Amino acid sequence: MSVAKVIVDVPAKQINQTFDYSIPSKLEHVITPGMRVTVPFGPRKVMGFVLQIVPESSFAKLKSITDVLDLTPVLTDELLKLGQWLAEETISLYITAYQVMLPQALKSQYKKELVRLTDGELTPDLESLFAGRDVVTYEEFTQSMIPYHQLLKAIHRGDIQVDYLVKSRITKKTETMIKPAIANHLLEEAYLDMPKQAKKQRELLTYFIQNPEAIKKKQLMSKVNTSASTVKTLLQKGLLTSNKLEVYRNPYNDNAIQRTASLPLTIQQEQAIIPIKQAIAEKIHDVFLLHGVTGSGKTEIYLQAIEDVIKEGKEAIVLVPEISLTPQMVHRFKGRFGSDVAVMHSALSSGEKYDEWRKIYRKEVKVVVGARSAIFAPFENLGIIIIDEEHETSYKQEDQPRYHARDVAIERGKNHQCPVILGSATPTLESYARANKDVYKLATLSKRTNEKDMPEVEIVDMRNELHQGNRTMFSRKLKEKIEACLQKKEQVVLMLNRRGYSTFVMCRDCGHVKECPHCDIALTYHKNSNRLKCHYCSYEEPMPTVCPECSSDLIRYFGTGTQRVEEALTQLIPEASIIRMDVDTTRRKGAHEKLLNKFGRGEADILLGTQMIAKGLDFENVTLVGVLTADSMLHLPDFRSSEKTFQLLTQVSGRAGRHELPGEVIVQTYTPDHYSIELASTYNFTDFYLKEMAMRKTFHYPPYVFLALITVSHPNQVKVVQTTQKIVQSLLASVKEDTIILGPTPSPMARIKDRYRYQCMVKYKNEPNLRNIIRNIVNQFDDDIQKDDLLIAVDMQPYQMM
DNA sequence: AGCACGCCGACT
DNA sequence: GTCGGCGTGCTC
Ligand SMILES: [Zn+2]
Ligand SMILES: [Zn+2]
């Protein structure tokens, strides 16, 4: 009798270990590692992942696996190993690490039911609850207000039983197929027997006599021009039969995508791809940093490398930032690889995501293009992993398990002995430094494939504008350029990269800003409900008519940054038609796409938006890009703010003059001398890298050190500070001398949902044991975590300092 | 986590 | 005797 080691779906620290279960004989050769099973756990029944099957257990009496949920493992051997690595690396629970690798649709849901076992009398209360039924949901009981004791007694007496159900939320889309139930000559006989007035039925039979193969019901109905009821009659007569065929949802209607062939490579592209192809052929795990300016043809290199991988019979993962995962991007991959491509976009519905995942699971595709979570695609023969726009912060997951897709990619690259490619026009300092130290292999594409220069960037000092009495957000230079552009019937892209874009409410008399009573953040105004809401908790209140501080009635809401700029712009250049793109106008699914298409068709002169417009736009008629406030990110409490500014300016500049028409860029700033702005304006990545590296060295930031961030939260501020202080102390005692421990410091969001938040930052160079040290220190507070509502969150790869 | 069990005090 | 409210301990 063999034993299964199972990780159960109970996300708690005490349960973070395998539990042994015996395998019933009927499942003996069915269950393999990586499958989902249901197991009894205490009085409950829960889902679990089988990690391992061993001959025996050190446990005396084992419970037995109740059921198996998969026919083939949903987690490959490599993913089982990867999950363990992920949990340990990010200090997360095993179960959360495994769950994050699978589509949401596979997550189990739990239900409790009360089952009546006796025919005898129950208490009147319970009789009215059951009301003649044998089974009621536990929820019905809770809502019935019947005292718990009554139920407990009935359970003890054996009159009622509690059933624990494990439900899956899987929805498979099916299509009804119709085909003849009998042989063709019998159909012909049936046709002859059919009364003349049964015109539609005869038509249907005629169709099937000519086309005996199965057909989709919908298709049939439109072809024969008949109704569902006619089909139903023939089904009932036993002449036709139907069955449900499982089909994939097709979110990208891609039947008509034109296949494309490889493009010829430039000399630079050729040089870059040779070592990559070599690594693929020789099955070597290497990380390549592909540093290529916008328009230098990185994607073509990806495509041709993948072609090699597919020729070897292997598979490829391509990660693309959410916002760049546009239909055009999908077309590029499907155009080259056809139906061999699955697309994992987080805007897809849960069912659509499940379908895309299943294409990989069933080995129906060779390539997946997707956002962060696609890194866990269940391929078994990976030949390459590509991360485009490697510097994008969206590759970092901000909730448990807090992983960076880049780290996972490299781990999987090791597991499969395959190359990993990091591509970017503005690589992170971390990656570039590793390339300089030969940890990664560097390939540079310094020229655009169309041989055009990057557009000219002009910096405008907004302080001068102010001195000369221009109080608007538009410099005279920018205004002139926009007008000139409109005259030539060319288009303009304007970017406002300001934070705090949401609408808030302020009193014009006393300056009072309405804040959430539970969080340290301003409430945002929602126009449709005329209410103020908090984005961090569920608090909301009606929009006040007078200021609660000074009773002035001049309390007003201020539109989003882009909204206000739009108004100002309309005043300045009334004849310009503007499309505004920000969180407000792109909230609905597909809205982003729609606005861009509208702009692409030339239905507006100016596209005004937040940083979301910096990426991937490619419109030939855009000749001017304006950045309204280039320095607005520089003052944020984030050591990456210079880097982010440089990246954003470089990216947005690439939006101008991508085709025949030459482009230009105007960057407005109050700090024109800042190196990130100056060097971005000359596309000088190398000097920026050197300068910023020097800064990071002086202030002890990555890549010179690694970071770990520990955030403590609790309703009592004193408790939070004390706990954080204790953690700092414990860390200092167990860590090397050159490791820096900072804290306790209030978190940038110092209070959320009535919980105060303090943090402690660890800066270290070499602490091979740090994860264990932190785990042990956090364990010391287990009591308070369990009983006193204390929370300690650890982030081993902090990006957002929140 | 989520559930049972047991002990206590309040209420009828 | 009946009820709800916690604190404690366990889950193969
Ligand atoms: Zn006021
Ligand atoms: Zn709030």
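Letters A, B, ... are given to chains in the order of the sequence lines, protein chains preceding strands, and every chain is numbered from 1. Note that the coordinates shown come from a computational prediction; the quantities given were computed from them, not determined experimentally.
Contact between the side-chain N/O atoms of A:Lys153 and the OP1/OP2 oxygens of C:dT2 is found at a separation under 4.0 Å.
Checking each of A:Tyr539, A:Tyr756, A:Tyr536 against A:His518 for a ring-ring contact (aromatic ring centres under 6.0 Å, His included) leaves exactly one that passes, namely A:Tyr539.
Here the side chain of A:Leu62 is nearest to one of C:dC12, B:dA1, C:dT8, namely C:dC12. Minimum atom distance to the side chain of A:His149 is reached by C:dG4, of the listed C:dG4, C:dT11, C:dT8.
Across the protein-nucleic acid pair, A:Gln17 atom CD and C:dC10 atom C1' stand 11 Å apart, rounded to whole Å. For A:Gln786 and C:dG7, the CD to C1' distance is 12 Å, given to the nearest whole Å. Summarising the geometry, the separation between CD on A:Glu139 and P on B:dG2 is reported as 13 Å, rounded to the nearest angstrom. Between the CG atom of A:Asn16 and the P atom of B:dA1 there is a distance of 12 Å, given to the nearest Å. In this structure, A:Phe141 atom CZ and B:dC3 atom P are separated by 13 Å, rounded to whole Å.
In this structure, A:Tyr395 contributes its side chain and A:Leu319 its backbone to a donor-acceptor pair below 3.5 Å. Formation of a donor-acceptor pair under 3.5 Å by the A:His404 side chain with backbone atoms of A:Thr393 is not found in this model.
When heavy atoms are screened at a 4.0 angstrom cut-off, A:Phe59 is found touching base atoms of the nucleic acid.
Applying the ring pair (Phe, Tyr, Trp, His ring centres under 6.0 Å) rule to A:His416 yields no partners; only residues at least two apart in sequence or on another chain are considered.
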Find every protein N or O atom lying less than 3.5 Å from an N or O atom of nucleotides 4-12 of chain B, and list the pairs.
| unit_1 | atom_1 | unit_2 | atom_2 | d |
| --- | --- | --- | --- | --- |
| B:dA4 | OP1 | A:Tyr164 | OH | 3.4 |
| B:dA4 | OP2 | A:Tyr148 | OH | 3.3 |

Name each donor-acceptor pair under 3.5 Å that joins a side chain in residues 56-64 of chain A to protein atoms two or more places apart or in another chain, with its distance.
| unit_1 | atom_1 | unit_2 | atom_2 | d |
| --- | --- | --- | --- | --- |
| A:Ser57 | OG | A:Asp20 | OD2 | 2.6 |
| A:Ser57 | OG | A:Phe59 | N | 2.9 |
| A:Lys63 | NZ | A:Gly42 | O | 3.2 |

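Ring geometry for A:Phe141 against A:Tyr138 counts as tilted: the plane angle lies between 30° and 60°, on a 0 to 90° scale.
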